[in-house]
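Reading through the structure tokens given below for one structure.
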Amino acid sequence: RSWTMGWLFKLFGSLMVIAASCAAGYMKSYELRQRGRRLTELCRGLSSLKERMRMGCGEIERIVTESFENGLIKADGGFTVDGRWLDKKDVSLIYEYLTDIGMTDSDSEYNRTELYIKLLSKNRDEAEEKCAELCRVYNAAGLLGGIFICIFFL
């Protein structure tokens with residue numbers, strides 16, 4: 001009877017190890033997908049901001065807040081960026097854009113915004129390419145890593 005209970009504990013422990021390693025692999029692939037989604041939202045918000053600037057819809061802080069309704073960029077006396085899921089280079093690129101926003105005439109600002117949209121689009125394409133390459137790898141590595149650990153300790 002104790003022999004059966006021992007195997008049940010080993011089986012339960014093995015399943016827990018496999019589940020934990022699968023979750024770790026899934027979380028890593030989730031991070032990659034979220035970065036691509038966030039960069040897409042930033043490009044969409046910048047496109048909206050670009051059009052609002054062209055129309056001359058008012059003060060910069062208000063149109064930035066209206067353009068990024070999802071809260072990625074907030075203007076409360078200064079600009080703050082929600083950098084979750086983004087790389088440091090993405091966040092620094094956004095802050096670089098925001099530090100000089102509104103310092104030039106509307107045509108120059110329009111062209112400058114277009115440039116930053118292209119830069120963020122390049123980062124987004126890179127993130128989507130990386131996700132296509134690595135998401136399955138992380139999920140499979142999590143599963144196989146858990147199985148390997150279980151075999152190693154049994």
Side-chain angles (χ1 to χ4, degrees), residues 12-150 152:
F12 181 71
S14 297
L15 290 176
M16 292 301 291
V17 167
I18 291 172
S21 63
C22 284
Y26 175 78
M27 286 305 295
K28 189 64 179 167
S29 67
Y30 181 77
E31 286 177 20
L32 290 175
R33 284 192 302 273
Q34 283 299 104
R35 179 177 176 236
R37 288 182 185 134
R38 284 291 178 117
L39 288 170
T40 300
E41 290 174 6
L42 282 169
C43 289
R44 192 175 302 126
L46 281 177
S47 295
S48 174
L49 179 62
K50 178 180 71 170
E51 293 306 318
R52 289 173 198 262
M53 284 180 177
R54 174 178 259 175
M55 292 186 294
C57 290
E59 65 182 47
I60 293 295
E61 287 187 5
R62 186 177 60 79
I63 63 174
V64 167
T65 303
E66 290 173 358
S67 297
F68 295 95
E69 295 172 353
N70 54 12
L72 275 175
I73 297 177
K74 295 179 184 174
D76 300 326
F79 294 106
T80 57
V81 177
D82 182 6
R84 283 180 299 168
W85 313 114
L86 296 174
D87 286 350
K88 289 181 181 179
K89 67 179 181 177
D90 302 329
V91 175
S92 66
L93 188 66
I94 297 163
Y95 274 119
E96 180 182 311
Y97 171 76
L98 292 173
T99 54
D100 294 332
I101 193 169
M103 297 294 178
T104 59
D105 63 293
S106 61
D107 288 335
S108 298
E109 203 64 52
Y110 182 86
N111 293 332
R112 184 172 169 272
T113 305
E114 185 69 33
L115 171 69
Y116 278 90
I117 290 171
K118 288 178 184 176
L119 292 172
L120 283 173
S121 294
K122 181 181 159 198
N123 287 0
R124 181 198 61 218
D125 294 343
E126 170 194 308
E128 288 174 355
E129 183 179 303
K130 194 174 184 181
C131 182
E133 292 174 3
L134 295 178
C135 282
R136 282 185 164 172
V137 171
Y138 286 135
N139 289 332
L143 176 64
L144 294 175
I147 292 171
F148 175 76
I149 291 169
C150 290
F152 182 74

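Annotation for A75 and T65: closest pair CB-OG1, 3.6 Å, computed over non-hydrogen atoms. When every heavy atom of E109 is checked against every heavy atom of G102, the shortest pair comes out as OE1-N, 3.2 Å. When all heavy atoms are compared, the tightest approach of E61 to G78 is OE2-N, 4.2 Å. Smallest separation of non-hydrogen atoms from C150 and S14: SG-O, 3.2 Å.
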For this session: Verify side-chain contact (heavy atoms from CB on, under 4.5 Å) between S92 and E96, making sure each step is shown before the conclusion.
Result: CA-CA 6 Å; S92 66; E96 180 182 311; over 6 Å; no
Problem set entry | Stepwise side-chain contact (heavy atoms from CB on, under 4.5 Å) test for I117 and S47 | CA-CA 7 Å; I117 290 171; S47 295; 3.7 Å; yes
Exercise. Would L134 and S29 count as a side-chain contact (heavy atoms from CB on, under 4.5 Å) if you check the C-alpha gap in whole Å, the side-chain angles of each, and the deciding distance to 0.1 Å?
Worked result: CA-CA 7 Å; L134 295 178; S29 67; over 6 Å; no
Exercise. Between L72 and L42, does a side-chain contact (heavy atoms from CB on, under 4.5 Å) hold up when you go through it step by step?
Worked result: CA-CA 7 Å; L72 275 175; L42 282 169; 3.9 Å; yes
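One distance of note links CD1 of I60 with CE of M103; it measures 9.5 Å at 0.5 Å rounding. With values rounded to the nearest 0.5 angstrom, Y110 atom OH is found 14.0 Å from D105 atom CG. Taking CG of L39 as the start and NZ of K122 as the end, the distance is 13.0 Å to the nearest 0.5 Å. Atom OH of residue Y116 and atom OG of residue S121 lie 14.0 Å apart, to the nearest 0.5 angstrom. Remark: F79 CZ to I73 CD1 distance equals 8.0 Å, nearest 0.5 Å. Remark: C131 SG to Q34 CD distance equals 10.0 Å, nearest 0.5 Å.
With contacts defined as side-chain heavy-atom distances shorter than 4.5 Å, the pair R38/W85 qualifies. Side-chain atoms of I94 and L86, non-hydrogen and from C-beta on, do get closer than 4.5 Å to each other. For the pair Y138 and Y30, the minimum side-chain heavy-atom distance is 4.5 Å or more. Here the side chains of S106 and R54 are not in contact, with every heavy-atom distance at 4.5 Å or above. Between S21 and L143 there is no side-chain heavy-atom pair separated by less than 4.5 Å. Here the side chains of L120 and L46 are in contact, with some heavy-atom distance below 4.5 Å. Side-chain contact check for L49 versus Y97: some heavy-atom pair is nearer than 4.5 Å.
With respect to E66 and R62, a salt bridge is recorded, a charged nitrogen being found less than 4.0 Å from a carboxylate O. Ion pairing between a basic and an acidic side chain is recognised when a charged N comes within 4.0 Å of a carboxylate O; D82 and K74 show no such pairing. Checked for salt-bridge contact, R35 and D90 meet the test: a charged N lies under 4.0 Å from a carboxylate O. A salt bridge is absent between E41 and R44: the closest approach of a Lys/Arg side-chain nitrogen to an acidic carboxylate oxygen does not fall below 4.0 angstrom. Ion pairing between E128 and R37 fails under the 4.0 Å rule for side-chain N and carboxylate O.
The environment of K89 atom NZ is dense: over 12 non-hydrogen atoms of other residues, nucleotides or ligands sit within 6.0 angstrom. Environment of OH in Y95: crowded, with over 12 heavy atoms of neighbouring residues, nucleotides or ligands closer than 6.0 Å. By the 6.0 Å contact criterion, CZ on R136 is open, its count of non-hydrogen atoms from other residues, nucleotides or ligands being 12 or less.
Looking only at atom types and distance, the side chain of N111 has no donor-acceptor partner in the side chain of S108 under 3.5 Å away. Between the side chains of R112 and T104, not a single donor N or O lies within less than 3.5 Å of an accepting N or O.
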